[in-house]
Protein chains: 2
Amino acid sequence: MPRPKTHDEALRTRLLDRAGELLSSEGAAALSLRKLAADVGTSTTAVYSLFGGKPALVRALYMEAFRRLGTRLQAVQPTGDPAEDLTRLGIAYRDSALADPHLYGIMFGGHPGFEPDEEATAQARAALEPLLNVIAAGARAGVFPDTTHTMAMGCWGIVHGLVSLELCGNLPPDMDVAATYERALRANTSGWRR
Amino acid sequence: MPRPKTHDEALRTRLLDRAGELLSSEGAAALSLRKLAADVGTSTTAVYSLFGGKPALVRALYMEAFRRLGTRLQAVQPTGDPAEDLTRLGIAYRDSALADPHLYGIMFGGHPGFEPDEEATAQARAALEPLLNVIAAGARAGVFPDTTHTMAMGCWGIVHGLVSLELCGNLPPDMDVAATYERALRANTSGWRR
DNA sequence: CGAGGTTCCGTAACGCCGTTACGAAGGTAT
DNA sequence: ATACCTTCGTAACGGCGTTACGGAACCTCG
């Protein structure tokens, strides 16, 4: 007896996909509920019934962004050399960010109204598990210190920091970023060597 | 014969000060031209005649933020040990960011509509001169490599990255951030040792 | 097969925002 | 005193996120 729902899971994914496209092509400022709904051929109400509002939509994008990052990091095949693996993870991290800078901005840019809750930060941490695994393996092999979490924070810090500086345009335009990035990663890794 | 100006330099600084206060107390989302003008006792027109619009106001805050950061970094007294100086600079950097997180967000968060122009990025680079000086001194002393700019990027990356992660709430709440931060800084520095 | 009822969703309104055009305000020179 | 020129506050415009509401769509039952 009820009217059948058109605000269903399919529409949810279409909204999420289009939101990601808008974000990638025109930036975060251009991501408005009105434009999004019009593009998908529905009304803004859909976003409220399917997500709950704009912050909740951003949250969904946040989760998706970390999911993609985690997938890319998991795809890095271990070589047996923890230091080398660490560098490769860092490069994969940067590739992931450069592949969709605006999505990276969702993860760390801090959108107005959205604060990651516990589940969201758990998703973020889960994406970095390959990093923890490599560092823990290095610790077991005796090349890294036993303070796995401390070292993981340092490594996450440097990859995030460099990528963030690059995306903000804070690096000199004539710099060979890829090479300098890798050099900085290796220096940092060797500093943690036991 | 003209009506005397009330949109003068004094009003400009009052607007800038209040904008900084609003930013610090209520965040970037609460910084609206209407509220700002009302607080200062003028109209939104003042912002347009004195700055040129909201992005230009944000630009002024951006310049001010990097000016303050530069002042704090310059206040770090060299010890003669470049590695130690590097750590102290990193701690001063974090202190500066924690002193006003929202102002730090202006520098790297990327506000909608504002892209730093050449002069703004020059101001940003100038603030980091103490970092370059210490690294160059270390290179002259033979403890750091000759690739000063590469190493500077790495060092900026790790301090910015860790501070950024902390401000985003991406670090575990039970972590002793100050100690871990310093540990990561020292590891990174020692990795650059020649 | 049509009427009723229940659920659902698009429209439209509200209060914000940044931006801009315009008319009133105010001091100066005649 | 009046005319004029600069300056600034008011108000309007389009767009935003959000929400209340009324009509639309379907199933069920007579």
Side-chain angles (χ1 to χ4, degrees), chain A residues 1-16 18-23 25-62 102 105-106 109-115, chain B residues 1-16 18-23 25-62 102 105-106 109-115:
Chain A
M1 72 229 212
R3 171 182 179 179
K5 306 187 69 159
T6 58
H7 290 182
D8 53 2
E9 204 62 25
L11 181 59
R12 194 190 130 95
T13 60
R14 275 202 299 149
L15 283 169
L16 218 46
R18 183 66 190 141
E21 289 175 15
L22 279 172
L23 206 61
S25 59
E26 310 187 41
L31 179 60
S32 80
L33 296 195
R34 293 172 132 96
K35 188 182 189 67
L36 173 62
D39 282 9
V40 174
T42 179
S43 67
T44 60
T45 313
V47 178
Y48 285 86
S49 58
L50 285 172
F51 295 92
K54 186 164 187 187
L57 174 71
V58 173
R59 198 191 98 108
L61 289 168
Y62 179 93
H102 292 110
I106 290 276
H111 268 61
F114 165 64
E115 286 298 319
Chain B
M1 73 225 205
R3 171 181 180 182
K5 305 188 69 158
T6 58
H7 290 181
D8 53 3
E9 205 61 25
L11 181 60
R12 194 190 130 93
T13 60
R14 275 202 299 149
L15 283 169
L16 219 45
R18 184 63 190 143
E21 289 174 17
L22 279 173
L23 207 60
S25 60
E26 311 187 41
L31 177 60
S32 81
L33 297 195
R34 293 172 134 97
K35 187 181 189 67
L36 173 62
D39 283 8
V40 174
T42 179
S43 67
T44 60
T45 313
V47 178
Y48 284 86
S49 56
L50 286 172
F51 295 92
K54 185 165 189 188
L57 173 72
V58 172
R59 199 192 97 107
L61 290 168
Y62 180 93
H102 292 110
I106 290 276
H111 267 61
F114 165 64
E115 284 298 318

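Note on naming: letters A, B, ... go to the chains in the order of the sequence lines (proteins, then strands), and numbering restarts at 1 for each one. On a predicted model such as this, the values are computed, not experimentally measured, just so you know.
- Proximity of B/T42 to the phosphate of D/dG9: a side-chain N or O atom is located under 4.0 Å from OP1 or OP2.
- The CG atom of B/L36 sits 13 Å away from the P atom of D/dG9 (whole-angstrom rounding).
- Listed here is the closest heavy atom pair of B/R14 and B/V40: NH1-O, 3.3 Å.
- In terms of position on DNA chain C, the residue among B/L31 and B/T45 whose nearest nucleotide sits closer to the 5' end is B/L31.
- Using a 4.0 Å heavy-atom cutoff across all strands shown, B/G53 reaches sugar-phosphate atoms only and no base atom.
- Taking every side-chain heavy atom of A/K5 into account, C/dC9 is the closest of C/dC9, D/dT18, D/dG9.
- The environment of CD in A/E115 is sparse: at most 12 heavy-atom neighbours from other residues, nucleotides or ligands sit within 6.0 Å.
- At least one side-chain nitrogen or oxygen of A/T6 sits closer than 4.0 Å to the OP1 or OP2 atom of C/dC9.
- Rounding to whole angstrom units, CZ of residue B/R3 and C1' of C/dC22 are separated by 14 Å.
- Note on A/S43: a side-chain N or O is less than 4.0 Å away from OP1 or OP2 of C/dG10.
- Here B/S32 lies in heavy-atom contact (under 4.0 Å) with sugar-phosphate atoms only.
- Counting non-hydrogen atoms under 4.0 angstrom, B/S49 reaches nothing in the nucleic acid.
- The listed nucleotides are C/dT20, C/dC17, D/dG17; the one nearest the side chain of B/T44 is C/dT20.
- Among all heavy-atom pairs drawn from B/G113 and B/P55, the shortest one is O-CB, 3.6 Å.
- Within 4.0 Å (heavy atoms only), A/P55 reaches sugar-phosphate atoms of the nucleic acid but no base atom.
- A distance of 11.5 Å separates CD of A/E21 from CG of A/L31, quoted to the nearest 0.5 Å.
- Between the OH atom of B/Y48 and the P atom of C/dA21 there is a distance of 12 Å, given to the nearest Å.
- The line from CG of A/L11 to CZ of A/R18 is 14.0 Å long, rounded to the nearest 0.5 Å.
- Over its full length, the helix from C/dC1-D/dG30 to C/dT30-D/dA1 turns its helical axis through 40°, comparing axes from the five pairs at each end and rounding to 10°.
- Closest of all the heavy-atom pairs between B/T45 and B/H7 is C-CE1, 3.9 Å.
- Regarding A/K35, its NZ atom lies at a distance of 14 Å from the C1' atom of D/dG14, rounded to whole Å.
- Between A/L15 atom CG and C/dG10 atom P there is a gap of 11 Å when expressed in whole angstrom units.
- Separation of atoms NZ (B/K5) and CG (B/L50) is listed at 8.0 Å; rounding is to 0.5 Å.
- Atom P of nucleotide C/dA25 and atom NE2 of B/H7 are separated by 16 Å, given to the nearest angstrom.
- Atom CG of A/L33 is separated from atom P of C/dG10 by 14 Å (rounded to the nearest Å).
- Along DNA chain D, the nucleotide nearest B/D8 and the nucleotide nearest A/P4 are compared for position; the residue whose nucleotide lies closer to the 5' end is B/D8.
- A donor-acceptor pair under 3.5 Å links the side-chain atoms of A/H102 to the main chain of A/L23, judged by distance alone.
- B/L50 comes within 4.0 angstrom of nothing in the nucleic acid, heavy atoms only.
- Atom CZ in B/R34 sits about 10 Å away from atom C1' in C/dG15, given to the nearest Å.
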